Amino acid sequence: MDVATTTIQGLNFLPELLPPSTRVQINEKLRQEMLEQRETERSAQLQMILDVNPDLYFHLNLRGVITRFVNEKNQHHFLPVETVHQRHLHEIFPSSVASQFETALQELIQSQVPVTFEYALEITQAMRWFQARLLPYQPEETLVIIQDITQRKTAEIKLQHVHARLSEAQRQAHIGSWEWDTRENTLWWSEEIYRILGLGDLDFHPTTQTFMEMVHAEDRKLVTRVITNTLDNRLPFSFEHRIVRPQGEIRYVHLQAGFKPDATGESQLMYGTIQDITEKVEASRIAQEYRDELAHVSRLVVKGELIAGLSHELNQPLTAIANYCGAMKTLMEQGEDVSQLRDKIERQALRSGEIIHRLKAFTQKQPQQKFLFNIHDSIRSALQIINYQIRLKQIEVKTCFKHKFTTVYADRVQIEQVLVNLFKNAVEAMEHSPAPRTLTISTASTPDRMIQISVSDTGCGVPESFRSKLFTPFATSKQSGLGIGLSLSRSLIQAAEGKMWFLPNPRKGATFCIQLPACQKPLERPRTELNRHFRADAAHD
Ligand code: ADP
């Protein structure tokens, strides 16, 4: 419909009283004014469109035919056909896209509100994405603005792929990521965190409070302490704790965090990961149980081997006590002072008790229990257990302890078992060696805060062909040997986060070295089971 005709028809209500020439004049004036107003509106609309800087726009009539086509930027690749003027949408676009246009057109006709949609077209064998915006324009015409959004869409798709891959990687590794804006107190979790925490509802809005409620009650203090410390000092953290899922299931998680500095250099954004390590903790618990069991069996074997020596070891103080008692009786009959003899009897009795106590502690079966102790005390204890063999074979023991206190955090019984194994092997290796037979035990601290214990002998040494098998279970060169001593020892040392290795001596004999993490803290009581699993970084613990 023509604009001018519409306007003149609109003036037909004018009173008939006016002379026809005047009526024509007024009509003409009004028509001009309306045309001008329409033109102003249209240019404003066009200006608005041009402000958006469309790549292309066209007019579409209500039947879906293109009535005017403006392609100022000469973007021919926008349409799959060359000539579009007076052609129907279905002649230009593939039917799926044409239908999208038709649906949008209907929506616009009904609501008179702009409608936007996106579509994809394969043009010259490449997929391109466009955004179409339909605006009300003329009573019977719609303005369609097309924008090429291929770049944005490609980036979006790439991002979606990256997100999907990251999500899958997180799912497989049971690692979720999180971000916490400490200023706004807003928390974001990746999907995997919802899975780890057993929350089915991905729309659940996380808060620090809800997270703390899910932390195991016994670990809440520790988590609060570590996070507070981190906030105060802007330091990264890494530690393990437990969470309780809504259904009551307990899971072990490894929580890590760092700070992202913002433009001002202030770091308000804390970010990090949560990894579900329940299976790992469970597997290491089972492995530890097996190790404890094996260690116990091995100690019983050692006990069997040492029992003859130990009974001799016990015999000595008991014989001494019997002798002292005899002497005491005689002296008492003569009315002499027996206090010195009484003291000697007491010392021997205490020594017997100590030997029994050591052997009992050594062979008792108990789960791994780590606590702080002085490694030198353990070396002395282990030497006491093997003392009889040492004396029998006339072996000289040399100790070289660099520091007075050398504290380690481990299972003391297991470490002593390793030492007894090493001393026993050294003694056996020197069995047929000519004198002097020397067992040298030295300790020193390393720059990486480890305590190194070296056990060296002047025995037969390890043949080169056997060295690679030394730590292999059941590899033995002895007729009555089991071959589990060294492999078990290495496994116990590794469980204490240490390492163990062999060194051939330059002249004769062998040296076995152990490294255990050194502890700077004062000695304390045994730690609880919980502490074993919660190794907060030294900076925070
Ligand atoms: P076992 O003592 O029952 O054989 P081990 O695992 O303790 O089991 O030792 C394995 C083997 O390693 C021994 O049989 C021996 O051949 C060798 N070995 C261990 N310690 C020494 C040592 N100090 N000197 C020479 N050989 C050693």
Side-chain angles (χ1 to χ4, degrees), residues 290-310 362-363 378-379 381-383 385-400 411 413-443 452-496 498-516:
Y290 280 131
R291 207 183 281 127
D292 290 346
E293 189 66 44
L294 189 61
H296 180 232
V297 172
S298 155
R299 280 200 294 271
L300 291 183
V301 172
V302 173
K303 179 185 159 194
E305 287 172 13
L306 298 181
I307 209 88
L310 279 164
F362 185 71
T363 50
S378 285
I379 293 172
S381 282
L383 278 172
I385 290 175
I386 200 88
N387 193 30
Y388 172 69
Q389 269 82 352
I390 289 174
R391 274 193 291 116
L392 192 72
K393 286 167 191 161
Q394 297 173 331
I395 293 167
E396 189 194 355
V397 178
K398 283 187 185 167
T399 50
C400 173
D411 184 306
V413 174
Q414 293 189 347
I415 299 302
E416 284 179 13
Q417 174 172 10
V418 172
L419 294 169
V420 168
N421 262 324
L422 292 182
F423 300 162
K424 190 172 79 68
N425 278 344
V427 167
E428 285 170 0
M430 288 189 278
E431 197 156 20
H432 305 292
S433 302
R437 289 176 283 275
T438 317
L439 171 66
T440 311
I441 306 145
S442 50
T443 59
Q452 182 162 324
I453 306 132
S454 309
V455 179
S456 190
D457 61 64
T458 53
C460 58
V462 182
E464 212 163 330
S465 58
F466 194 75
R467 287 177 194 166
S468 60
K469 294 187 217 132
L470 267 180
F471 295 96
T472 314
F474 309 112
T476 179
S477 64
K478 298 170 196 165
Q479 264 193 343
S480 57
L482 275 180
I484 55 164
L486 286 179
S487 68
L488 177 68
S489 295
R490 177 131 91 176
S491 156
L492 295 177
I493 295 295
Q494 282 167 349
K499 46 193 173 188
M500 181 175 178
W501 67 97
F502 157 79
L503 284 177
N505 284 357
R507 287 185 59 235
K508 60 175 183 170
T511 299
F512 285 86
C513 300
I514 298 168
Q515 273 191 2
L516 287 168

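What you see is a predicted model; the values in this text were computed from it and never measured. Counting starts at 1 for both ligands and their atoms, following the listed order. FYI, the numbering just counts along the sequence from 1.
Here the protein heavy atom with the shortest distance to atom 25 (C) of ligand 1 is G461 O, 3.4 Å. The protein non-hydrogen atom at the shortest distance from atom 5 (P) of ligand 1 is L486 N, 3.6 Å. Given atom 8 (O) of ligand 1, the protein heavy atom at minimum distance is G483 CA, 3.2 Å. In terms of protein heavy-atom proximity, atom 18 (N) of ligand 1 is closest to L470 CD2, 4.0 Å. For atom 26 (N) of ligand 1, the nearest protein heavy atom (residue, atom name, distance) is V462 CG2, 3.5 Å. Looking from atom 16 (O) of ligand 1 to the surrounding protein, the closest heavy atom is S477 OG, 2.4 Å. For atom 19 (C) of ligand 1, the closest heavy atom belonging to the protein is N425 ND2, 3.5 Å. The protein heavy-atom contact nearest to atom 2 (O) of ligand 1 is K478 NZ, 2.7 Å.
For ligand 1, the atoms closer than 4.0 angstrom to any heavy atom of L482 are 3 (O). Less than 4.0 angstrom separates some heavy atom of F512 from each of these atoms of ligand 1: 20 (N), 21 (C), 22 (C), 23 (N). Every atom of ligand 1 is numbered from 1 in the order shown, and the set under 4.0 Å from a heavy atom of A429 is 22 (C), 24 (N), 25 (C). Applying the 4.0 Å criterion to heavy atoms of T476 picks out, from ligand 1, the atoms 1 (P), 4 (O), 14 (O). Using a 4.0 Å cut-off to heavy atoms of A475, the atoms of ligand 1 that qualify are 10 (C), 11 (C). The G481 neighbourhood of ligand 1 comprises atoms 3 (O), with distances under 4.0 Å to a heavy atom of that residue.
Panel note: side chain S489, backbone G485; a donor-acceptor pair is recorded below 3.5 Å. Side chain of R467 to main chain of V462: a donor-acceptor pair is present (N/O by atom type, distance under 3.5 Å, no hydrogens or angles).
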From CA spacing to verdict: side chain to side chain contact (heavy atoms under 4.5 Å, CB included), M500, L422: CA-CA 11 Å; M500 181 175 178; L422 292 182; 3.7 Å; yes
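Note: F471 and F512 have perpendicular aromatic rings, judged against thresholds of 30 and 60 degrees for the angle between ring planes.
With a heavy-atom cut-off of 4.0 Å, S489 does not touch ligand 1 at all. Contacts of D457 with ligand 1, taken as heavy-atom pairs under 4.0 Å, involve the side chain alone.
Salt bridge E396/R437: absent, no basic N to carboxylate O contact under 4.0 Å.
Summarising the geometry, atom NZ belonging to K499 is positioned 11.5 Å from atom CZ belonging to R490; distances are rounded to the nearest 0.5 Å. Separation of atoms CZ (F423) and CD1 (I379) is listed at 6.0 Å; rounding is to 0.5 Å. Atom OG1 of T438 is separated from atom CG of D457 by 9.5 Å, given to the nearest 0.5 angstrom. Remark: I453 CD1 to I493 CD1 distance equals 6.5 Å, nearest 0.5 Å.
Taking each heavy atom of F474 and I484 in turn, the nearest pair found is CE2-CG2, 3.4 Å.
Between the side chains of N505 and S456, at least one donor N or O lies within less than 3.5 Å of an accepting N or O.
Contact annotation: F466 has at least one heavy atom less than 4.0 Å from an atom of ligand 1.
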